Amino acid sequence: MNTVRDTISAPGRVKEIASLANRQIKDIRALFQKKQRDRQSVFLAEGQKLLIDALDQGWSIRTLVHAKSAAQSAAKIAARTVAAGGDVLIVPEKVLGAITRRDNPQMVVGVLEQRFSPLDAISPGTGDTWVALDRVRDPGNLGTIVRTADAVGAAGIILVGDCVDPFSPETVRATMGSVFSIPIARSNRNAFIEWSKMQNAMFVGTHLSGSVDYRAVDYTKQPVVLLMGNEQQGLDDELTGICDPLVRIPQAGKADSLNLAVSTGVMLYEIRREVLTLPDKEQS
C-alpha cells in the first residue's frame, strides 16, 4: 500500500529529480488521495500566485517542486522555501504533469501543512460574519464560497458534518488563494449545535420554506452565522431549528433553487452590504 513518507518533510534540500519512479515524487503524487493528505496533514497547491499568497500569509512550503525550465521565475519562491527549511525539487515538465494530473501543468507546485481552527476557539464578535456549511459535497462550490467569503471580509468558514475536503486539489484551485486567508473550522452536527447555544450571534439559514425575504433582515445588530445546506438536501432539520430567522431568496423564473455557491454569495453580499458600501463620488 502506498503511503506518504516522511521524505516529504526533510528540510532544506535542493535537488534535481528526473524519474517518476523516485520515492519522493511518488509520495507527493499520492497526495491526490484524501487518506494520504490526512495522514500527513498536508496538501498540494499549484501555481506561483497561490504559493506567493501562501508565503505572504505566513504559511510555510514544506516541499516545492518546480520545472527546470522555470528555475528563474521560481527562484524567489525557492529561496524563501529553503530559508524556511523546506525542500526544493527541480523536475522535468512531464513529472509536474504527473503530479498535477494535467496536460498543461503549472510550473510550480507546493506541499503545505493543513490548518484547521478549533471550533471552541471561535466566538463571533461585533461585525463578524461566519459561514457554516452543512455537508457541502462539491469542491468547486466550497472553493468558490471560500473565495467569496474572503472577498466580502467574512471571518471564516465552519464545515459541519461530512463535507468535501477543503484541502483537495480541486477545492484549493477554486479558492484562487483565498484558502490561505480564510480560517476554516470543522465540526460534527451535535458539537456545532452545542457551540451555537453559547454564542451571542444571529444564526441565519436559507431554506425553501423560509418565510422572510433575505433583504428584509437587519444583519447589523449582532454577529452573523450564515448556515447553508447540502446541495441536494438543503439544511439538516436540526440545524434549521437553530436558525432565527429562516430566510428565502426570491426567484422570478422557473428554477426552483440556486446553486449553493451562488446563493451563498447572494447572502454574503447582502449581510456585508454596509461594510462593502462604496463612498459616494465627490461632486465635481
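The shown structure was predicted, so the numbers you read here are calculated from the model rather than taken from an experiment.
Considering only heavy atoms from C-beta on, L20 comes within 4.5 Å of V95 through its side chain. A 4.5 Å side-chain heavy-atom check between C243 and L235 finds at least one atom pair inside the cut-off. Annotation: side chain of D213 is in contact with side chain of P250 (closest heavy-atom distance under 4.5 Å). In this structure, E113 and S41 have side chains that are not in contact, with every pair of non-hydrogen atoms separated by 4.5 Å or more.
The environment of K15 atom NZ is dense: over 12 non-hydrogen atoms of other residues, nucleotides or ligands sit within 6.0 angstrom. Atom CD of Q251 has more than 12 neighbouring heavy atoms from other residues, nucleotides or ligands inside a 6.0 Å radius. Heavy atoms of other residues, nucleotides or ligands lying less than 6.0 angstrom from CZ of R115 number more than 12. For N104, the CG atom counts as loosely surrounded, since its 6.0 Å shell holds 12 or fewer non-hydrogen atoms of other residues, nucleotides or ligands.
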Exercise. Give the C-alpha distance, both sets of side-chain angles, the deciding distance and a yes or no for side-chain hydrogen bond (donor to acceptor under 3.5 Å, both in side chains) between D87 and Q24.
Key: CA-CA 11 Å; D87 277 1; Q24 202 165 359; 3.0 Å; yes
Exercise. Run the numbers on V108 and L64 for side-chain contact (heavy atoms from CB on, under 4.5 Å), then give the verdict.
Key: CA-CA 7 Å; V108 181; L64 181 76; 3.3 Å; yes
Practice problem: With side-chain contact (heavy atoms from CB on, under 4.5 Å) as the test, would you mind laying out the steps for D27 and Q40 before giving the verdict? | Solution: CA-CA 11 Å; D27 290 344; Q40 286 283 302; over 6 Å; no
Exercise. Step by step, work out the side-chain contact (heavy atoms from CB on, under 4.5 Å) result for T148 and V131.
Key: CA-CA 11 Å; T148 305; V131 182; over 6 Å; no
Self-check item: Full working for side-chain hydrogen bond (donor to acceptor under 3.5 Å, both in side chains) between E274 and T220
Solution: CA-CA 8 Å; E274 288 200 1; T220 63; 4.8 Å; no
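If you chain together hydrophobic residues whose side chains sit under 4.5 Å apart, V164 and F43 fall into the same group. Cluster membership for I242 and V160, using ILVMFWY side-chain heavy atoms within less than 4.5 angstrom, is shared.
Cation-pi geometry between R101 and F32 is satisfied (NZ or CZ under 6.0 Å from the ring centre, within 45° of the ring normal).
Distance alone, capped at 3.5 Å, is enough to place a donor-acceptor pair between the T81 side chain and the I77 backbone. A distance-only check finds a donor-acceptor pair linking the side chain of E231 to the backbone of D138 [under 3.5 Å]. Checking side-chain atoms of S187 against main-chain N and O of F192 turns up a donor-acceptor pair under 3.5 Å. Using modelled atom types, one side-chain atom of D134 and one backbone atom of D236 make a donor-acceptor pair closer than 3.5 Å. Looking only at distances, a side-chain donor or acceptor of W195 sits under 3.5 Å from a matching main-chain atom of L119.
The salt bridge (charged side-chain N to carboxylate O under 4.0 Å, His left out) test with D165 singles out one residue from K34, R186, R37, R137, and that residue is R37. Checking L112, D56, L51, L55 one by one against F180, the side-chain contact (heavy atoms from CB on, under 4.5 Å) holds for a single residue, L112.
The residues E170 and R173 are annotated as not salt-bridged, no charged nitrogen and carboxylate oxygen being separated by less than 4.0 angstrom. Salt bridge status for D162 with R135: absent, with no side-chain N to carboxylate O gap under 4.0 Å.
Judged by distance alone, the side chains of E93 and S69 do bring a donor and an acceptor atom under 3.5 Å apart.
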